[in-house]
Amino acid sequence: MYREFKHLNLPVIDAEIRQFWEDEKIFERSVEQRPAENAYVFYEGPPSANGKPGIHHVMARTVKDLFCRYNTLKGFRVARKGGWDTHGLPIELQVEKELGITKEDIGKKISVEEYNAACRSTVMRYKDLWEDKTRRMGYWADLDNPYITFENSYIETVWYMLQRLYKKQTADGQSFLYKGFTIQPFSPAAGTGLSSHELNMPGTYKEVTDISAVAMFKVKRDAASAPLFDDENEDVRIMAWTTTPWTLPSNVALTVGPKIEYVKVKTLSPYTGAPVSVVLAKARVAGYFNAEDENQPLDSFKIGDKKLPYQVVKEGIKGSALVGVRYEQLLPTPAASTPELEAKGFQVIPGDWVTTEDGTGVVHTAPYFGADDFRACKTAGIPFIGLPNEKNSGLPFPLVDRQGKFVDEVPEFGGRYVKSEYYPIEIQKDKDFKPTDLLVGLRLKEDNKAFKIEKYKHTYPHCWRTEKPVLYYPLDSWFVRASAAKDRLSELNKTINWHPESTGTGRFGQWLDNLQDWNLSRSRYWGIPLPIWRTEDGEEEICIGSVMELSGEVEKALKAGMMGSNPFNPTPNPSPSGEGDLHSGFSANGDDLGEDGRFMEEFRGDWFKTTSPERWAYLKEFARGMRKNQTAGEAAMWELLRDKQLDGVKFRRQHSIENFIADFVSLEHKLVVEVDGTIHDFQPEYDQIRTELLNAVGFEVIRFKNEDILGHKYKVLDELRIILKRRKKELETITNQNPQGTKDFKANTQIKSPFPQGEGFDLHRPFIDEVILISPSGRPMYRETDLIDVWFDSGAMPYAQWGLDYEKLKNGDDKPFKSPFEVSYPATFIAEGVDQTRGWFYTLHAIAGMVYDSVAFKNVVSNGLVLDKNGEKMSKSKGNVVDPFETLSEFGADATRWYMMSNANPWDNLKFDTGGILETRNKLFGTLYNTYNFFALYANLDGFKHDEFNVMPYEKRSELDRWVISKLYSLVADYRAAMDDYDVTKACRAIEDFVDEHLSNWYVRLSRRRFWKGDLNEDKTAAYQTLFECLMVTTQLMASVAPFFSDWMYRNLTASIKEQAKAKNTPLRHDSVHLTDLVQPDISKIDLALETRMDYAQRICSLAFSIRKREKIRVRQPLQKVLLPVLDEAFITAVDEVKALILSEINVKELQYVTDSSGLLKKSAKANFKTLGAKLGQDMKDAAGLIANFSNEQIASLEKTGALEVNIKGTVYTLSPEDLVVVTEDLPGWKSASDGSITVALDVNLTEELLAEGTARDLVNRIQNIRKDKDFNVTDRIAVRIERHPAIVSAVEQFGAYIQDEVLANSLVLADLVEGEAVELNDDVTLQIEVTVD
RNA sequence: AGGGCUGUAGCUCAGUUGGUUAGAGCGCUACACUGAUAAUGUAGAGGUCACCAGUUCAACUCUGGUCAGCCCUACCA
């Protein structure tokens, strides 16, 4: 029996099939049954589970899933290892938000360890929701063994890849991984630099209104500037425009275009009325002066006037002539002044990038806050402006700190945020609040240094998470030298098959062509630590490529006494098979003292308990030096603390603890007192590690600022006293709880791990920062504190998802990754949103290209965005976000998936409208469901069971059967071609077309009678077999996109024959459609001639129906004759084959061809523009008119002789038959209609007999309706009594037998009195019919 | 600002190498059909193929420009 159903309910089907898949492990089997060597490699771009899945994830995952399923059916083994992206700023920011802290609080209010633990627990928060969504949408992936980017094996593989880059060198010997200093986008609000990827997140560039300033820089009179002066007292100024007035205190140069022409204009300062001569580009004069005001008397101006008189007094000043001109510093900061700056700063320099499209043609240049500025100053040898940087001999500290505040030393504006957005919203809203830019503007106005201060609208980049403006800021960073591999990456890209192609050639290709170095550094906590250790001076460094290597280095460091113990001890020793878990090799407990323990025993004195003797010896020199060169603050503090002055507590100064030197320390109270100069603002990272490490060994660290000690001595003393008391108490409690505790330094040097015992060491911060290595020259090396860009994490997934194989690594294998890496690289196919073009797509490509000179993927589909139905982006604030769970529950996964794939190409943006899903459900799934149910209903009645070994040969089947089979296999060919080209939309639409147009509305409709009439004869069996094959093949083709419904149908179709199929090992033996082999495109089953003539039949029927409609003759009314004018014999032969179909479909008794010889045919001709156009050229138009007027005779002559000469404007052309498109015109005297070359005429004369037959058919219909209303079984026999009404008597008498046969009536009687249903036969006649089961 | 994509019926989308009636589905109107019925058929209304120019005998299609939308790139101050 085939299962029959009452209603289509896709969500119920989903649930049933989902359960079946899980119970029977269909996914696992679908993968495993294919041979491993025949792999179709798919990479899963890892999602982050810290946000809820959205409807766009359903879109992206449908694309991924369907091509994996499709290729599985094609016989490939398609492993799909799931993955989770677990690092990155979004997670950190979320944690900060939830804990109510900012980045500055990390390491203070909360330890890095706690913070990272919070990240770790947050990152998988919505894992369950994701997995639920994954299952419900039918996304097949291995969720049990995902790769997780925070796991040690993943991290160490990323290290390995970094090391490969570190070791790789360009032709001129530069490493692919290097440390540099550049001006980068920096988000003070998020406390981090931003990568170019992040700067390109959607919504980053926003239109904002800022305050712009045109400042006037007063020229100093000297040899270089002399030509600019007319007389000694003239006030000559250079005008420069800026949209960031807050950078004006940092101005050190003005940049001009060497080739640009500048002019000097005599005018007045608009704000003070003072006479002034300004220099600006000639092309920009009109931007600041109104031509009407030219040469007006200067003394006519009053402050506040709109009209500013002016006079161009000097023209033709080349930019190059201005270079070297010196000017007075605009807004001096005394603390930042240096002799060097005074000597070389504040002059005009050249820059090719200067234009005259905007501003004044002179660019205010502040090197720390602009990439162009930075380059220009470096080239011109202009020093940077900033506070002296005491400890680092390097560059001065910028006048703006990392929080986006002016440093205190900046007069007037010190301590103010440079962008108003950094202030809390309440402050911004205060009526008295003035943005810093405005204050700067006001200062300039007052000082007669401003020409124009006004609001200015422009787009400015914003931090994609905090939505606050970005600053360009000088940052130390590690870079990947991607620019060196630019050409090769571009070449490799050309071998990748992109969908859509334009993304690959255009968007991605052009990006590669302009590739910049990849900034890897992130000043953050939760991410993969950069595996580079350096000596403090940066002279020696090491890049670690594995935990094994790190362990070896730690051993060396141990011997040198750099560290307390080796957390990686014993040396990790994964099993040779590569199966071992790296974690298991690590010792987490500190029982094993090793060498370290032994040497600690030898030292008894308190003195050395804070560090190892060797380190002590090493640091001693530094400490001594620091004591000598102490700062003013340190000196003042020492005065307060020395000689047990403070409550009798003993303090030491410049004392070594671990690998740091503390400014002051009380060993008794375990308290470190640090005195900070401003240098510490520049290196918060370093301070933080220091604090963390000191905390880790039991010391509390407090800090005082220089100015506090110098200015508020007693306040500092009070604070210290309070802290000392508290410390004393705390230490007593700790000692009581744990007598060993803080006394034993060794115990605390054990590096902690967040994992339970035995699970190993955590490679994250802060633990990794505690690892100190020793350089070849015997100096300590500290880890570079940066984390790496999370995009590197995901870009390294082809390797890191498997992890390092130590055996291979030891053998020097070029690709030392665990199995099955060998058969899993590169990917055959990946798919992700188009927004990943510069993200994952790029990082995959870049890493593969640079490290292995290979592509990482061969085919890629980038899908577009999912917008709401109005084409607007979905966002929480708009409230137009679609919940994927609701959608899946309401419409089912298949309809949702199908809609998303078929509505538009996946790479176009999708305007998501549930109405579209509804349409898909009704049209495709509803139709197919009905078709299946129709099949099941009659197959069950007839006891039909499909028998794979006993199918009727196609040549013995009817025209209609062979036609639909031909269509079916044409579909298979089209479908496979489209899918192989990754064009799923085309594939889906082909299926829709087949199901709706061909299968349902033609084949099934025309075949209905075959199913319900008579016994299971040969023709009927053929019909069942044909329909079965159509359903079976269709369901297989649909399986990739609609995995639930197709499996449901497959299982229904095969349930009754499953046992037999299994026993005989036939193609239908599989438990699930997803385990089958995709049907082959069998050309032998395709008959194009048959498809053509069926197309004729469909068009003829359609035309006949349209005539009936026009003439208001219902289809049930039989007609005598249909006439077909024909032009050639081939048409007759073709139509003859489908004649029976046509006649029964349009309910006409006979078909008659009208040929030439009949004399009835009137032809007309139209020019065939395609062939004729090329031949005739300009005469085409005239020829078309001529041909349209051809007579029957002319056409006939051409057809007969094959040539006809025409004269067009004196030129004689010879026409051949293919130059004309001949059609027949309406037959005079007949009701006709035509469509292109086909014309149909109907004989609409109704005889008595025809009318009676029509009435009989009406009666059949009414009786059938009654049967249905009364819920009779389809097979019930009935008795019918009809009221004796004049309108039907003749029909019943003539066609009684026919009626009985049609309605399965055992008896049919006319009676005078019938008490049955009142039935309306037509507008005039209503009669009673009684129907009973007999 | 530059690059890419898109612009066809009220809506969602097709439209092959330029060729003379520009299509489908949904929606709307009317009629029909209904032993598949959350269907189906026929017909109707609905288009300056965003706009302007050019190439051509012929342009929705090719070229250039303009406008609008989206995405990407970009601190030109």
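Here is the naming used below: chain letters follow the sequence lines, and residue numbers restart at 1 for every chain.
Atom P of nucleotide G41(B) and atom CZ of R1008(A) are separated by 12 Å, given to the nearest angstrom. Regarding I917(A), its CD1 atom lies at a distance of 13 Å from the C1' atom of U12(B), rounded to whole Å. Nucleotide U40(B) holds its P atom 13 Å from the CD atom of E992(A), rounded to whole Å. In this structure, R921(A) places its CZ atom 7 Å from C1' of A38(B), rounding to the nearest Å. Counting to the nearest Å, the C1' atom of C76(B) and the CH2 atom of W241(A) are 9 Å from each other. Straight-line distance from the OH atom of Y368(A) to the P atom of A77(B): 21 Å, rounded to whole Å. For the pair Y929(A) OH and U40(B) P, the computed distance is 16 Å after rounding to whole Å. Rounded to whole Å, atom P of C72(B) lies 13 Å from atom CZ of F841(A).
Side chain of R1108(A) to main chain of Q1117(A): a donor-acceptor pair is present (N/O by atom type, distance under 3.5 Å, no hydrogens or angles). Side chain of D981(A) to backbone of A977(A): no donor-acceptor contact under 3.5 angstrom is found. Using modelled atom types, one side-chain atom of T931(A) and one backbone atom of T927(A) make a donor-acceptor pair closer than 3.5 Å.
Spacing of P atoms, A39(B) relative to U29(B), comes out at 15 Å, to the nearest Å. A distance of about 28 Å separates the C1' atoms of C13(B) and C31(B), rounded to the whole Å. Rounded to a whole angstrom, the distance from the P atom of G15(B) to that of U6(B) is 11 Å. With both ends at atom P, the span from U63(B) to C70(B) equals 25 Å, rounded to whole Å. Taking atom C1' on both nucleotides, G69(B) is separated from C57(B) by 37 Å, rounded to a whole Å. Between the C1' atoms of C5(B) and A50(B), the separation comes to 16 Å (whole Å). Separation of the P atoms belonging to U16(B) and C28(B) is 31 Å when rounded to the nearest angstrom. Here, U61(B) and A43(B) have their C1' atoms 31 Å apart, quoted to the whole Å.
Residues satisfying the ring-ring contact (aromatic ring centres under 6.0 Å, His included) test with F841(A), not counting sequence neighbours, are W498(A). Annotation: ring-ring contact (aromatic ring centres under 6.0 Å, His included) contacts of H499(A) (sequence neighbours excluded): Y982(A). Under the side chain to side chain donor-acceptor pair (under 3.5 Å) criterion, R284(A) pairs with no residue at all, not counting sequence neighbours. With sequence neighbours excluded, the residues forming a side chain to side chain donor-acceptor pair (under 3.5 Å) with E992(A) are W898(A), S902(A), listed by chain and number. The side chain to side chain donor-acceptor pair (under 3.5 Å) search around Y1298(A) returns none, not counting sequence neighbours. Scanning for ring-ring contact (aromatic ring centres under 6.0 Å, His included) contacts around F934(A) gives Y938(A), F1011(A), with sequence neighbours left out. With sequence neighbours excluded, the residues satisfying ring-ring contact (aromatic ring centres under 6.0 Å, His included) with Y368(A) are F384(A).
Among the protein residues, D913(A) comes within range of no part of the nucleic acid, since none of its heavy atoms lies under 4.0 Å from any strand. If you check every strand for non-hydrogen atoms under 4.0 Å, N909(A) touches sugar and phosphate atoms only. Residue R1108(A) is classed as having no contact, given no heavy-atom separation below 4.0 Å to the nucleic acid. Residue contacts shown for V362(A) are absent, as no nucleic acid heavy atom lies under 4.0 Å away. Here S212(A) lies out of heavy-atom contact (under 4.0 Å) with every strand.
Taking the charged nitrogens against the carboxylate oxygens, R1005(A) and E1145(A) do have a contact shorter than 4.0 Å, which makes a salt bridge. Ion pairing between a basic and an acidic side chain is recognised when a charged N comes within 4.0 Å of a carboxylate O; K986(A) and D974(A) show no such pairing.
Of the candidates A36(B), U20(B), A14(B), A14(B) carries the atom nearest the N905(A) side chain, counting heavy atoms from C-beta on. You'll find that the side chain of N1001(A) is closest to G41(B), out of A77(B), G41(B), A32(B). The side chain of V363(A) lies closest to A77(B), out of A36(B), A77(B), U12(B). Counting only heavy atoms from C-beta on, T242(A) has its side chain closest to A77(B) among U42(B), A38(B), A77(B). Among the nucleotides A14(B), A36(B), U12(B), the one closest to any side-chain atom of K911(A) is U12(B). For F1105(A), taking side-chain heavy atoms from C-beta onward, the closest of the listed nucleotides A36(B), A14(B), U42(B) is U42(B). When distances run from any side-chain atom of N903(A) to the nucleotides U20(B), U12(B), U42(B), the shortest one goes to U12(B). Set against A38(B), U73(B), A77(B), the side chain of W511(A) has U73(B) as its closest nucleotide.
Heavy-atom nearest nucleotides on RNA chain B were determined for F374(A) and for L865(A), and the one closer to the 5' end corresponds to L865(A). Sequence order on RNA chain B of the closest nucleotides to G361(A) and A904(A) puts A904(A) first from the 5' end.
Residue T244(A) places no side-chain atom within donor-acceptor reach of the base of A77(B), judged by atom type and a 3.5 Å distance cut-off alone.
Among the candidates Y472(A), F369(A), Y473(A), the single residue satisfying the ring pair (Phe, Tyr, Trp, His ring centres under 6.0 Å) test with F186(A) is Y473(A).
In RNA chain B, stems built from 3 or more consecutive Watson-Crick or G-U wobble pairs, each with both distances under 3.5 Å, span B:1-7 with B:67-73, B:10-13 with B:23-26, B:28-32 with B:40-44, B:50-54 with B:62-66.
For residues 920-936 of chain A, the set of pairs meeting the salt bridge (Lys or Arg N to Asp or Glu O under 4.0 Å) definition, not counting sequence neighbours, comprises K923(A)-D996(A).
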Just the atom pairs and distances: protein N or O near nucleotides 6-10 of chain B's N or O, under 3.5 Å.
none

Output one line per pair: protein atom, nucleotide atom from nucleotides 15-18 of chain B, and distance, for all N/O pairs under 3.5 Å.
residue : atom : partner  : partner atom : Å
U17(B)  : O4   : K1170(A) : NZ           : 3.0

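Listed here is the closest heavy atom pair of A281(A) and I260(A): CB-CG2, 3.9 Å. Across all their heavy atoms, T365(A) and D373(A) have their closest contact at CA-OD2, 3.3 Å.
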Base, backbone or nothing for each nucleotide of nucleotides 25-31 of chain B, written B, S, -, heavy atoms under 4.0 angstrom, 5' to 3'? SS----S
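In E501(A), the CD atom is not crowded: 12 or fewer heavy atoms of neighbouring residues, nucleotides or ligands sit closer than 6.0 Å.
Listed pair R1005(A) / G41(B) fails the phosphate criterion, with no side-chain N or O lying under 4.0 Å from OP1 or OP2.
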